[in-house]
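Before any comments, here is the structure.
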Amino acid sequence: MSNSHDDQARPQTSKTPERKSTRKPRSDKGVPRGQYIPRTETRGTYKGDHWEIPLTGTHGKGEVLKIDPEDYALLMEMSDTGTRTNVARGSGGNATVYIRGRKAAAFAGYSNPKHLLPITRLLAGETHGGRAIIHINGNPFDHRRANLCTEVTAKKTRHPINWEDAEYKREKRMEVVRDVSKPGDISPSANDNGTESI
């Protein structure tokens, strides 16, 4: 008799036991981040043979991007005067400077408006990963032409960049970017969350 009474007292549930997440909690969990501050335009300073553009953000604060005069106007156009530049650091501390947004996606031929285009790829007019574009002096913020070369990843051989070809290739890609950014479209800087469509 007591057995039947115990069966009636237990609630009958079909729920499976809750699973605990195996993900590690964020290191900044619970830390207040403050109000969102939109990025401001950044103009460079001409230093005689190159431009220096101050970088902002968590990983770029205090760093300066160096770029040749031939590439400055293109960079300002693609980055919406510096509001679309990002600096990311890998696990080894290596930094990469990117341009994000619709223009970067159009240049690379992607439809994802959150696509990140490395500035080295923009300058060389390349979007594929078969060849790495490296900094000769090891400074990831020095994007002057004399400091950039390509490396065939499989063979580990370095080759100089043909800048005439690079200018031709990137100008062809810029035609697509300018078509996307014609008047009447949503301004790339109007929505910083990357939800605008191409």
Side-chain angles (χ1 to χ4, degrees), residues 38-47 49-61 63-89 95-129 131-135 139-150 161-198:
R39 292 178 182 248
T40 57
E41 292 186 355
T42 305
R43 299 280 179 186
T45 306
Y46 187 62
K47 296 291 185 179
D49 63 339
H50 67 278
W51 285 84
E52 290 187 355
I53 305 164
L55 297 171
T56 59
T58 305
H59 300 294
K61 191 172 185 177
E63 300 290 350
V64 176
L65 180 69
K66 295 179 181 178
I67 196 159
D68 282 329
E70 300 90 347
D71 303 319
Y72 179 75
L74 174 71
L75 179 62
M76 290 292 107
E77 180 182 353
M78 282 293 291
S79 68
D80 293 332
T81 322
T83 60
R84 295 265 174 193
T85 54
N86 281 16
V87 178
R89 289 195 187 267
T96 305
V97 186
Y98 294 97
I99 296 174
R100 62 185 166 83
R102 293 172 59 189
K103 292 180 180 179
F107 186 91
Y110 291 104
S111 59
N112 180 2
K114 294 184 179 180
H115 178 72
L116 296 175
L117 174 69
I119 291 179
T120 52
R121 295 253 177 233
L122 167 70
L123 298 179
E126 297 184 359
T127 58
H128 59 80
R131 293 184 291 185
I133 301 170
I134 60 169
H135 301 85
N139 180 358
F141 302 106
D142 188 351
H143 285 63
R144 292 178 290 181
R145 293 182 177 193
N147 189 43
L148 298 177
C149 69
T150 57
I161 296 172
N162 183 336
W163 289 105
E164 288 180 13
D165 282 353
E167 286 178 7
Y168 175 78
K169 287 189 286 185
R170 70 188 192 191
E171 191 53 43
K172 292 302 253 182
R173 292 183 185 278
M174 286 304 293
E175 291 173 8
V176 175
V177 172
R178 290 179 184 122
D179 284 344
V180 168
S181 305
K182 283 190 176 173
D185 290 349
I186 297 173
S187 169
S189 58
N191 187 349
D192 209 38
N193 295 329
T195 56
E196 64 268 15
S197 59
I198 291 181

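Worth knowing before you read on, the calculation uses all heavy atoms, side chains too, and leaves out hydrogens, waters and symmetry mates.
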Could you check if a side-chain atom of Leu148 sits within less than 4.5 angstrom of a side-chain atom of His135, using non-hydrogen atoms only?
-> yes
Output all residues satisfying salt bridge (Lys or Arg N to Asp or Glu O under 4.0 Å) with Glu167, sequence neighbours left out; order by chain, then residue number.
-> Arg145
In terms of ring plane angle, is the pair Tyr72 and Trp51 parallel, tilted or perpendicular, where the classes change at 30° and 60°?
-> parallel
Test log, rule side-chain contact (heavy atoms from CB on, under 4.5 Å), inputs Phe107 and Lys103 = CA-CA 6 Å; Phe107 186 91; Lys103 292 180 180 179; over 6 Å; no
Are Tyr168 and Lys172 side-chain neighbours, meaning at least one heavy-atom pair lies under 4.5 Å?
-> yes
For Glu171, enumerate each residue passing the side chain to side chain contact (heavy atoms under 4.5 Å, CB included) test, keeping only those at least two apart in sequence or located in another chain.
-> Met174, Arg178
What's the spacing between Lys66 NZ and His50 NE2 if we round to 0.5 Å?
-> 5.0 Å
Who passes side chain to side chain contact (heavy atoms under 4.5 Å, CB included) against Asp165, sequence neighbours left out?
-> Asn162
So which heavy atom on Pro140 is nearest to which on Ala95, and how close?
-> CB-O, 3.2 Å
Could you pull out the closest heavy-atom pair between Ala105 and Pro113, with the gap in Å?
-> CB-CA, 4.3 Å
Would you indicate whether the side-chain heavy atoms of Cys149 and Ile134 approach each other to under 4.5 Å?
-> yes
Minimal heavy-atom distance between Ser79 and Ile99, with the atoms involved, is CA-CG2, 4.2 Å
Heavy-atom check, side chain of Val97 versus side chain of His143, under 4.5 Å | yes
When you look at CD of Glu175, are more than 12 heavy atoms from neighbouring residues, nucleotides or ligands closer to it than 6.0 Å?
-> yes
Decide salt bridge (charged side-chain N to carboxylate O under 4.0 Å, His left out) for Arg170 and Glu77; before the verdict, give the C-alpha distance in whole Å, the side-chain angles of both, and the deciding distance to 0.1 Å.
-> CA-CA 13 Å; Arg170 70 188 192 191; Glu77 180 182 353; over 6 Å; no
Atom pair CZ/CZ of Arg121 and Arg131 - distance to nearest 0.5 Å = 8.5 Å
Between CG on residue Leu117 and CE on residue Met78, distance to nearest 0.5 Å = 5.5 Å
In terms of heavy-atom contacts, Lys169 and Gly125 come closest through CB-O, 3.8 Å
Could you walk me through whether Leu116 and Thr96 pass side-chain contact (heavy atoms from CB on, under 4.5 Å), step by step?
-> CA-CA 10 Å; Leu116 296 175; Thr96 305; over 6 Å; no
Hey, what do you get for CG (Leu122) to CG (Asp71), rounding to the nearest 0.5 Å?
-> 8.0 Å
Results of side chain to side chain contact (heavy atoms under 4.5 Å, CB included) for Lys61 - residues two or more places apart only | none
About how many Å separate CE of Met76 and OG1 of Thr85, when rounded to the nearest 0.5 Å?
-> 7.5 Å
Could you grab the distance from atom CG of Asn86 to atom CD1 of Ile119, nearest 0.5 Å is fine?
-> 9.5 Å
Less than 3.5 Å apart, which donor and acceptor atoms pair up between the side chains of residues 53-60 and the rest of the protein, not counting sequence neighbours?
none

With sequence neighbours left out, the residues meeting side chain to side chain contact (heavy atoms under 4.5 Å, CB included) with Ala88 are Tyr98
Can you list the steps and then say if Ile133 with Ile161 is a side-chain contact (heavy atoms from CB on, under 4.5 Å)?
-> CA-CA 9 Å; Ile133 301 170; Ile161 296 172; 4.3 Å; yes
Any chance you could lay out the side-chain contact (heavy atoms from CB on, under 4.5 Å) test for Val64 and Phe141, step after step, and finish with the verdict?
-> CA-CA 7 Å; Val64 176; Phe141 302 106; over 6 Å; no
